[in-house]
Amino acid sequence: MFVDSHCHIDFPDLAAREDEVLANMAANRVGTALCISVTLEAFPRVLGLAERHAQLWASVGVHPDNDGCEEPDVARLLALADHPKVVAIGETGLDYYWQKDEPEWQRERFRTHIRAARHCGKPLIIHTRSAAEDTLRLMRDEGAGEAGGVMHCFTESWEVAEAALELGFHISFSGIVTFRNAKALKEVACRVPLERLLIETDAPYLAPVPHRGKINEPAWVVHVAEEIARLRDEPLEHIARATTDNFFRLFRHVTRPA
Ligand SMILES: [Zn+2]
Ligand SMILES: [Zn+2]
């Protein structure tokens with residue numbers, strides 16, 4: 001069995017095909033997927049998916065790229081996280097690629113999420129782009145290691161991976177690791193300890209080879225696992241089992257299917 005640790009089934013391209021997306025998951029042995037919130041406005045749709053389908057779970061949070069939406073505070077995040085199908089806080093973090101002026105509100109929002117995660121004991125889903133140094137600094141400042149979590153869609157250097165691992169975090173690889181030009185990332189995927197490895201699609205974005213350029217979906221997380229197995233020279237079943245076990249250990253509020 002495989003787990004997609006990060007996807008956006010509430011986004012229009014996938015929401016319009018909800019039944020088909022779930023059927024494709026089942027056909028590819030993708031038994032569980034975590035649906036990630038990017039705004040509080042969208043959270044009810046994410047939670048709705050998790051409430052309708054036993055194999056789907058939800059996070060609550062506001063993505064660092066979203067300006068001009070409802071700003072969360074700790075109390076609001078805790079209230080929304082207080083639901084049996086909400087198992088993580090995020091996605092949160094810093095993104096200086098799209099916000100080149102490196103706004104203070106991103107860092108404040110990130111601190112708010114870390115405080116909420118520590119408070120409710122649910123792990124963090126961290127997005128970082130062109131902001132690794134500040135991301136790690138805030139994680140240390142705010143004691144993010146106490147909540148634990150995952151560096152999602154990892155694209156940074158081994159040094160950044162190592163620092164996140166030292167804080168107790170997991171490293172999740174997306175379809176980017178299957179891209180031919182992702183040489184440095186492929187090396188990072190070989191070095192992350194097996195017990196800290198996760199896989200994801202970030203669907204509808206970042207479809208893995210051989211579907212590159214198409215609308216991604218959770219069923220295709222299998223291709224991420226295949227590439228990591230090839231890179232590490234391990235049987236696919238080992239990568240499937242390790243990433244699945246890691247997911248259920250980290251997101252301990254998720255019920256593991258029998
Ligand atoms: Zn992200
Ligand atoms: Zn995402």
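Remember, it's 1-based here, ligands and their atoms both numbered in the order they're listed.
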Inset, instruction - Give the atom name of whichever N/O/S atom in His8 sits closest to the Zn ion (ligand 2). - result: NE2
Inset, instruction - Fit a plane to each ring of His6 and His152, take the angle between them on a 0 to 90° scale, and name the class: parallel (under 30°), tilted (30 to 60°) or perpendicular (over 60°). - result: parallel
Inset, instruction - Determine, for Arg137 against Asp134, whether the closest basic-nitrogen to carboxylate-oxygen distance falls under 4.0 angstrom. - result: yes
Legend entry - Angle at the Zn ion (ligand 1) (to 10°), with one arm to ND1 of His127 and the other to NE2 of His152: 120°
Legend entry - Residue Asp202 atom name (nearest to the Zn ion (ligand 2); N/O/S): OD1
Inset, instruction - Evaluate the ring planes of Phe11 and His8, with Trp represented by its six-membered ring, and classify them as parallel (under 30°), tilted (30 to 60°) or perpendicular (over 60°). - result: parallel
Inset, instruction - Output the atom name for the N/O/S atom of Glu91 with the smallest distance to the Zn ion (ligand 1). - result: OE1
Inset, instruction - Establish, from distance only, whether the side-chain atoms of Glu51 and His83 form a donor-acceptor pair under 3.5 Å. - result: yes
Inset, instruction - Determine, for Arg29 against Glu237, whether the closest basic-nitrogen to carboxylate-oxygen distance falls under 4.0 angstrom. - result: yes
Inset, instruction - Look at His63 and state whether any of its N, O or S atoms is less than 2.8 Å from the Zn ion (ligand 2). - result: no
